[in-house]
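Presented below is the structure to which this report refers.
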Amino acid sequence: MRALVTGGAGFLGSHLCERLMAEGWDVVCMDNLSTGDLANIDHLNGQDGFRFVKVDVTDYIHVPGPVDRVFHFASPASPIDYLEMPIPTLKVGSLGTHKALGLARAKSARFVMASTSEVYGDPLEHPQKETYWGNVNPVGPRGVYDEAKRFSEAIVMAYHRYHQLETRIVRIFNTYGPRMRLNDGRALPAFMSQGLRGEDLTVFGDGSQTRSFCFVDDLIDGIWRLSESDEPNPVNIGNPAEMTIKEFAETVCELTGSKSSITYLPLPEDDPKQRRPDITRAREILGWEPKVALAEGLKRTLDYFKTKVDVTDA
Ligand code: UDP
């Protein structure tokens, strides 16, 4: 079996490539390296059956030979990245999804779309079930990501219905783990690097907004199961253990052993107030639920960040 992974040098993409290689698949890893990093796939490069190509998926893409699966994981995925790259974010979700679908159709490959909990926007239903249509501000700063992913879902379903393409849609909730970019602006890398450097942790707003954090290995296992299933409708994959961002900051701070305190900064526009996946569908259809407890996942992530943070000036 042979897979194409767009965004394969990114945080999730690289873990997915690794899992596919472990399953004995050949992998073509495609990335334009705008937020991805070759260091994430260093250990795979040179292995039999693995190939990296530096390509922007919003351009015409070509992969010689057979392809059995296309995993479309390319996109900036952290709020500061898509605020800095609003147009590439819209393009990769729209034009990029179209190109990747076209390739899947030409190769008769199954298509797996990396969608997101952001399709629910600032949700008025809690926890979020797949049947919820969401509460997204299309013209707000996050709209570039949310609407691109909503468009992706729509075009994936159109290819499924109109071209009978085999498709899967995974709605990914907040995920953390090794290979997140230290400076990607998301809560976990920010808190870990601040804690390790002995700086104050920057909590946005009053920290009462909630998120539910899933360790990357659990998430990848859910995606693998979904890609092997015959479910064409969206499936939430995430950890339902919900906490406030203030609690999360305190937990990370304690783990880093830091004496830092918390600084409160303004809440970014349209920052969702609460988020927790309802994973009934994943449990029933995939027999999947997360296994890695927060304490264990954070410890494994901290070991990684310790190798990345220069603490000499802490
Ligand atoms: N956040 C924070 N401090 C930071 C970075 C993020 O308080 O330095 C907050 C952010 O406002 C949001 C939550 O943490 O409420 C999760 O943010 P993240 O960017 O990780 O992901 P999101 O779920 O918003 O896409």
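Remember, it's 1-based here, ligands and their atoms both numbered in the order they're listed. Worth saying up front: this structure is predicted, and the values here are computed from it rather than measured.
A heavy-atom separation below 4.0 Å is not found between Gln194 and ligand 1. Note on ligand 1: Lys273 sits outside its first shell, no heavy atom being nearer than 4.0 Å.
Within 6.0 Å of NZ in Lys107 there are more than 12 heavy atoms belonging to other residues, nucleotides or ligands. More than 12 heavy atoms of other shown residues, nucleotides or ligands fall within 6.0 angstrom of atom CZ in Arg283. In Lys91, the NZ atom is not crowded: 12 or fewer heavy atoms of neighbouring residues, nucleotides or ligands sit closer than 6.0 Å. For Arg181, the CZ atom is densely surrounded, since the number of other residues' heavy atoms within 6.0 Å is greater than 12. More than 12 heavy atoms of other shown residues, nucleotides or ligands fall within 6.0 angstrom of atom CG in Leu265.
No salt bridge links Asp146 with Arg150; every basic N to acidic carboxylate O contact stays at or beyond 4.0 Å.
Heavy atoms from both the backbone and the side chain of Arg186 come within less than 4.0 Å of ligand 1. Contact annotation: for Asn174 versus ligand 1, heavy atoms closer than 4.0 Å belong to the side chain alone. Only the side chain of Phe191 comes within contact range of ligand 1, with a heavy atom under 4.0 Å; no backbone atom does.
Shown in contact with Glu118 at under 4.0 Å from a heavy atom are these atoms of ligand 1, numbered in order with element: 25 (O). Each of the atoms 8 (O) of ligand 1 lies under 4.0 Å from some heavy atom of Ala190. Near Val203, with a cut-off below 4.0 Å to any heavy atom, the atoms of ligand 1 are 7 (O).
Among all protein heavy atoms, the one lying closest to atom 11 (O) of ligand 1 is Asp271 OD2, 2.7 Å. Among all protein heavy atoms, the one lying closest to atom 1 (N) of ligand 1 is Phe204 CD1, 3.5 Å. Counting protein heavy atoms only, atom 13 (C) of ligand 1 is closest to Ile245 CD1, 3.5 Å. Nearest to atom 8 (O) of ligand 1 among the protein's heavy atoms is Thr202 OG1, 3.0 Å.
Compare Ala187, Ser78, Ala77 by their heavy atoms: the one nearest to atom 14 (O) of ligand 1 is in Ala187. Looking at Gln274, Arg275, Arg211, it is Arg211 that brings a heavy atom closest to atom 16 (C) of ligand 1. When Gly185, Ser193, Ser212 are checked for heavy-atom proximity to atom 5 (C) of ligand 1, Gly185 turns out nearest.
For the salt bridge (Lys or Arg N to Asp or Glu O under 4.0 Å) test, residues two or more places apart in sequence or in another chain that qualify with Glu228 are Arg69.
Inclusion of Arg142 in the set of residues having an N or O under 3.5 Å from an N or O of ligand 1 is warranted.
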Below 3.5 Å, can you tabulate the donor-acceptor pairs from side chains in residues 168-178 to any protein atom, sequence neighbours excluded?
{"unit_1": "Arg168", "atom_1": "NE", "unit_2": "Ser229", "atom_2": "O", "d": "2.9"}
{"unit_1": "Arg168", "atom_1": "NH2", "unit_2": "Glu166", "atom_2": "OE1", "d": "3.3"}
{"unit_1": "Arg168", "atom_1": "NH2", "unit_2": "Ser229", "atom_2": "O", "d": "2.8"}
{"unit_1": "Arg171", "atom_1": "NE", "unit_2": "Glu153", "atom_2": "OE1", "d": "3.4"}
{"unit_1": "Arg171", "atom_1": "NE", "unit_2": "Glu153", "atom_2": "OE2", "d": "2.9"}
{"unit_1": "Arg171", "atom_1": "NH1", "unit_2": "Tyr120", "atom_2": "OH", "d": "2.9"}
{"unit_1": "Arg171", "atom_1": "NH1", "unit_2": "Glu130", "atom_2": "O", "d": "3.1"}
{"unit_1": "Arg171", "atom_1": "NH2", "unit_2": "Glu153", "atom_2": "OE1", "d": "2.6"}
{"unit_1": "Asn174", "atom_1": "OD1", "unit_2": "Arg275", "atom_2": "NH1", "d": "2.8"}
{"unit_1": "Thr175", "atom_1": "OG1", "unit_2": "Phe173", "atom_2": "O", "d": "2.7"}

| message | Show, in sequence, the C-alpha distance, side-chain angles and deciding distance for Thr263 and Asp200, and conclude whether the side-chain hydrogen bond (donor to acceptor under 3.5 Å, both in side chains) test is met. | response | CA-CA 6 Å; Thr263 302; Asp200 283 356; 3.3 Å; yes

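With ring centers used as reference points, Trp224 lies 6.0 Å or more from Trp288.
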